[in-house]
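Below is one structure, written out as structure tokens; the observations come after it.
Chain A is the first sequence line, chain B the second, and so forth, proteins listed ahead of strands; every chain is numbered from 1. Fair warning: this is a prediction, and the values are worked out from it, not measured in the lab.
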Amino acid sequence: MSKRALSVTREQNFPEWYQAIVRDGDMAETSPVRGCMIIKPWGWGVWERIQAELDARIKDTGHDNCYFPLFIPMSFIAKEAEHVEGFAKEMAVVTHHRLKNEGGKLVVDPDAKLEEPLIVRPTSETIIGDAFQRWIKSYRDLPLLVNQWANVVRWEMRTRLFLRTTEFLWQEGHTAHADRDDAVAETLKMLEVYRTFAEDVLAMPVVAGEKPPNERFPGADNTYSIEAMMQDGKALQAGTSHYLGTHFAEAQNIQFQNAQGALTHCHTTSWGVSTRLIGGVIMTHGDDDGLRLPPMIAPRQIVIVPMLREKPEDAELIEYCKSLEKELKAAGIRTLVDLKLTKSAEKRWNWVRRGAPVIVEIGGRDATGGNVTFMRRDRLRDGDKVISNTKPRADFVAEAPALLKEIQSTLYSEAKARLDSNIITNIKSFKELEEYFGPAAEGDDEAGAFKGWVRVPWSRPEGAALDAIADKLKALKLTIRNAPLAQEAVAGACLFTGEPAKEYVLIARAY
RNA sequence: CGGGAUGUAGCUCAGGGCGUAGAGCAUCCGGUUUGGGACCGGAGGGUCGCAGGUUCAAAUCCUGUCAUCCCGACCA
């Protein structure tokens with residue numbers, strides 16, 4: 001039986017495959033509100049795991065959590081010129097605070113107009129900066145290191161579940177430092193936290209690097225990102241970290257007295273990752289049978305499906321499953337016995353689609369023989385055939401933690417191999433670049449052939465020269481992703497300007 | 001905001017003025033099966049996106065409107 005658990009394969013139509021996983025994997029669905037998603041329990045469970053793991057790492061690096069308001073006075077946003085420019089076109093604005101009933105119809109009460117409109121936060125630099133300005137007086141108050149888990153709203157024209165939604169969830173870290181070196185060190189430290197988090201927890205290999213000036217966060221002196229390669233070759237910016245220089249400090253009067261008594265502006269940073277990571281996990285690990293979750297973020301790591309027959313023996317079977325669950329839980333494994341009143345086969349395939357790392361199926365013969373039959377989601381099939389493993393129960397329990405670790409590392413290795421083998425380094429001219437990626441595809445380019453990333457030498461052009469390059473790339477639907485931090489000494493001339501190259505940059509189609 | 005398309009059952013869609021609205025899958029019931037995505041029979045479920053118009057008669061034609069999707073524009 002060559003039937004797959006999803007109705008569409010990656011090969012057939014990658015975007016539809018993505019949507020199928022989001023839907024059939026019980027991750028999320030569209031909501032009655034345009035561009036906003038409903039995150040379903042299974043998807044939310046993944047986000048909770050991401051939060052727990054990342055939050056611990058953020059705290060380990062000395063940051064404390066806090067919470068700022070959802071609304072930001074419009075005047076705050078207006079303080080930093082580039083910031084306004086960057087976000088003006090995508091801000092939701094609250095202008096009134098009351099409705100009224102007019103002839104049986106609810107209308108906005110014109111008398112309830114706000115003195116100053118409120119912006120639904122697209123990011124919190126300005127409102128947090130306002131607090132920093134009050135909190136920071138002395139060099140003894142620095143560095144100030146805070147983080148918040150929150151929702152933000154950006155009124156994007158086109159949305160895709162998890163990847164780009166009008167409202168999304170994220171964490172945003174905001175820090176203030178006495179000098180540039182300390183702030184830059186913070187920016188890079190958090191980038192590294194993101195890199196290791198993505199690789200160790202999400203099993204998603206990334207390239208950490210510096211964004212070109214045209215891709216910087218509005219108001220930043222420097223932006224760094226981690227970029228992940230999806231299974232269609234496109235890049236996904238999975239996290240960013242910004243060195244904001246003294247822009248926001250100057251705009252918001254964030255100053256401190258240094259040890260010599262002089263009044264000095266702080267250097268600030270901000271950094272964030274969002275629910276977009278879940279989209280990245282789906283497109284990194286999913287296969288034609290659905291999602292494959294790395295054990296570290298799977299809400300349930302082992303799911304036990306009793307093969308019930310609606311007969312008296314069922315009670316014993318359930319007992320066997322429950323005691324197995326108890327043993328696995330005692331070993332610290334998130335385990336579930338699926339006792340839902342649906343057909344066992346249906347349950348199995350639902351867990352396959354959801355990406356539970358290990359699916360155990362217990363039938364009467366297993367129970368009497370003291371065995372466990374299970375499937376590994378990372379190696380579900382041999383060809384078309386589903387691989388079913390059977391082990392003595394005691395062995396299975398003893399080896400379960402190691403099995404989960406192995407699944408985690410298998411998923412990482414697969415993705416790492418794909419990333420490493422799909423960064424092309426032999427492109428020597430813009431023409432070759434054009435030929436490699438082909439014309440900016442018409443119509444349904446999304447389903448086009450796999451194209452990896454291209455690494456080219458460049459001379460770090462800025463201003464108009466860089467804009468011209470970005471435009472040329474844009475015509476090919478390409479963007480400069482980043483200049484990897486870890487890179488060998490560059491040789492040769494810049495692919496774009498012909499000037500001596502200063503470093504390598506990665507070029508790719510992107511989400 | 002421009003260009004294109006689509007709104008009919010929970011889902012995927014058929015029907016396109018002949019008057020009492022269809023299929024497959026899903027759901028529920030009964031039966032037969034079952035070391036694994038089973039089969040047979042039956043049942044429930046829709047004011048055909050919304051509003052107006054034309055008509056004896058509108059899911060069907062016309063106008064408007066809303067929503068969704070695709071392509072642009074937009075997007076740390």
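- The side chain of A:M307 sits closest to B:G36 out of B:G36, B:G37, B:C74.
- Nucleotide B:C61 forms a Watson-Crick or G-U wobble pair with B:G53, both donor-acceptor distances falling under 3.5 Å.
- Taking a pair to require two hydrogen-bonding distances under 3.5 Å in either a Watson-Crick or a G-U wobble arrangement, B:A21 remains unpaired.
- Comparing atom distances between the A:K474 side chain and each of B:G36, B:C74, B:U34 picks out B:C74 as nearest.
- In the set B:U34, B:G37, B:C74, the nucleotide with an atom closest to the side chain of A:K311 is B:U34.
- When each of A:E172, A:H63, A:Q171 is tested with A:N147 by the rule side chain to side chain donor-acceptor pair (under 3.5 Å), just one qualifies, namely A:Q171.
- If you check every strand for non-hydrogen atoms under 4.0 Å, A:R353 touches a base.
- Under 4.0 Å is where a charged nitrogen must lie from a carboxylate oxygen, and between A:D378 and A:R292 no such pair does.
- Using a 4.0 Å heavy-atom distance criterion, A:E346 is classed as making no nucleic acid contact.
- Each of A:N214 and A:Q19 has a nearest nucleotide on RNA chain B; the 5'-most of these lies closest to A:Q19.
- In this structure B:G72 sits in a base pair with B:C1, meeting the Watson-Crick or G-U test at under 3.5 Å.
- Figure legend. B:A38 is base-paired to B:U32; pairs are counted as Watson-Crick or G-U wobble with both atom distances under 3.5 Å.
- Within 4.0 Å of A:G272, counting heavy atoms only, lies no atom of the nucleic acid at all.
- Ion pairing between A:R10 and A:D288 holds under the 4.0 Å rule for side-chain N and carboxylate O.
- Across all strands shown, B:U47 has no partner, as no Watson-Crick or G-U wobble contact with both distances under 3.5 Å is found.
- The side chain of A:R164 approaches B:C75 more closely than any other nucleotide in the set B:C75, B:U34, B:G37.
- Residue-level contact check: A:A220 touches neither bases nor backbone, having no heavy atom under 4.0 Å from any strand.
- When distances are taken from the side chain of A:E361 to each of B:U34, B:G36, B:C74, the shortest belongs to B:G36.
- Nearest to the side-chain atoms of A:R381 among the listed nucleotides B:G36, B:G37, B:U34 stands B:G37.
- Partner assigned to B:A26 is none, using Watson-Crick or G-U wobble distances below 3.5 angstrom.
- Nearest to the side-chain atoms of A:K477 among the listed nucleotides B:C74, B:C71, B:G36 stands B:C71.
- Using a 4.0 Å heavy-atom criterion, one finds that A:W170 contacts the bases of the nucleic acid, with or without backbone contacts as well.
- When each of A:G35 and A:H242 is assigned the nucleotide of RNA chain B bearing its nearest heavy atom, the one mapping closer to the 5' terminus is A:G35.
- Side-chain rings of A:W271 and A:W170 stay apart, their centers remaining 6.0 Å or farther from each other.
- When heavy atoms are screened at a 4.0 angstrom cut-off, A:T30 is found touching no nucleic acid atom at all.
- With no hydrogens or angles considered, a side-chain donor-acceptor pair links A:T373 and A:T390 at under 3.5 Å.
- The partner of B:A67, taking Watson-Crick or G-U wobble pairs whose two distances both stay under 3.5 Å, is B:U6.
- With A:Y224 as the aromatic partner, A:R195 does not meet the cation-pi criteria of under 6.0 angstrom to the ring centre and within 45 degrees of the ring axis.
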